[in-house]
Amino acid sequence: LSDQESVPIVAIGDCLLVSIQIALHDELLEGLSQSVAAHLQSGLAKAVAIDLTSVGIIDSFTTRIINRIASMARLMGAHTVVSGIQPAVAMTMVDMGIELDGVSTFLTVDHALVALGLRGAGLARSA
Amino acid sequence: VSAADRSSGARTQVVTGGPLALDVEAASDLAKARVRLMTMLRDAGFSTRAQTQVVTAASELLRNALMYAGGGKFEARMTRRGVRIEVWDEGPGISERVMHELQEGTYRSPTGLGKGLAGCKALMDTFRMMSIPGRTHAVMEKNL
């Protein structure tokens with residue numbers, strides 16, 4: 001685990017796609033909030049899509065960070081969608097009684113992007 | 001945990017059924033502990049759901065140790081019934097009142113401590129926590 005690690009943020013149309021691929025730890029998550037804020041400040045993004053397909057563990061801390069990113073994005077005029085929560089992760093979150101507040105959730109990143117009006121043919125292709 | 005062990009990386013570590021012991025002093029140690037524990041549980045035959053529950057509970061305990069005590073010791077070992085996870089730290093400890101509220105599930109804190117520890121209780125088969133100033137010890141078990 002090195003200092004070079006970061007979470008890539010890709011702009012697709014007016015959406016910021018944050019694809020979390022690596023085991024998250026606190027500093028990474030803190031840095032992520034700041035990067036999202038900086039991208040939003042540029043004024044080009046109307047939505048933040050966070051894809052959690054590769055995330056095997058979501059604990060209360062991770063949830064708080066995602067909720068914080070969503071609140072911050074909302075205050076800056078963007079809404080947040082979350083995709084890819086794995087079945088075992090979803091069940092564990094329910095067991096713990098932790099929730100993502102004020103974000104729309106989608107099964108896959110494709111579904112999320114379609115809902116944001118960014119992809120039309122993607123679902124049919126990847127189904 | 002030696003410096004050599006730290007630099008070897010989680011992937012090269014072969015877990016052969018012996019206990020897993022780690023000093024968790026930074027967020028990166030927490031990430032490493034989660035990866036190694038997940039491997040250990042998978043090798044022991046826990047379901048994906050149980051693996052996720054146990055690693056999430058361990059993550060909550062270690063996160064608390066990091067946030068409130070600057071770190072702690074983590075140990076996971078297989079028993080005849082399943083897995084036992086223990087975390088020790090030398091932080092200020094949790095008061096009796098808060099501990100009682102945590103057990104009842106009524107504790108609320110701005111930092112989310114309540115959700116995390118109540119979560120451990122919900123995710124594991126047994127969960128006990130003993131705390132005095134300078135010494136907090138949590139033990140939890142999940143049956144196979």
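None of these values were measured; they are calculated from a predicted model. Throughout, protein chains are lettered first and strands after them, A, B, ... in sequence-line order, and every chain is numbered starting at 1.
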Task: Side chains of B:Thr48 and A:Gln86 in contact at under 4.5 Å (non-hydrogen atoms) - done: no

Task: Spacing of A:Ile57 atom CD1 and B:Leu30 atom CG [to the nearest 0.5 Å] - done: 10.5 Å

- [ ] Write down the atom of B:Arg34, the atom of A:Asp59, and the distance for their closest heavy-atom approach.
- [x] NH1-OD2, 3.7 Å

- [ ] Could you grab the distance from atom CG of A:Asp95 to atom OG1 of B:Thr52, nearest 0.5 Å is fine?
- [x] 10.5 Å

TODO: With rounding to the nearest 0.5 Å, note down the distance linking CD in B:Gln53 to CE in A:Met96.
DONE: 10.5 Å

Open item on the list: Atom CZ of residue position B:Arg128 - does it have more than 12 heavy atoms of other residues, nucleotides or ligands inside 6.0 Å?
Closed with: no

TODO: Answer yes if A:Ile50 and A:Met76 sit in the same cluster of Ile, Leu, Val, Met, Phe, Trp and Tyr residues linked by side chain heavy atoms under 4.5 Å apart, and no otherwise.
DONE: yes

Open item on the list: Suppose clustering is done on Ile, Leu, Val, Met, Phe, Trp and Tyr with side-chain heavy atoms closer than 4.5 Å. Which residues sit in the same group as B:Met130?
Closed with: B:Val139

Open item on the list: Does atom CZ (A:Arg74) have a neighbourhood of more than 12 heavy atoms from anything else shown, all under 6.0 Å?
Closed with: yes

Task: Nearest-0.5 Å distance, CD1 of residue A:Ile58 to OG of residue B:Ser59 - done: 11.0 Å

Open item on the list: Please find the pair of heavy atoms, one from A:Ser60 and one from B:Gly116, that lie closest to each other, and give the distance.
Closed with: OG-CA, 3.9 Å

- [ ] Using a cut-off of 6.0 Å, state whether more than 12 heavy atoms not belonging to A:Glu99 lie near its atom CD.
- [x] no

Task: Heavy-atom closest contact (A:Gly56 atom, B:Met38 atom, distance) - done: O-CE, 4.5 Å

- [ ] Say whether A:Leu52 and A:Met91 are linked into one hydrophobic cluster, either directly or through other cluster members, by side-chain heavy-atom distances under 4.5 angstrom.
- [x] no

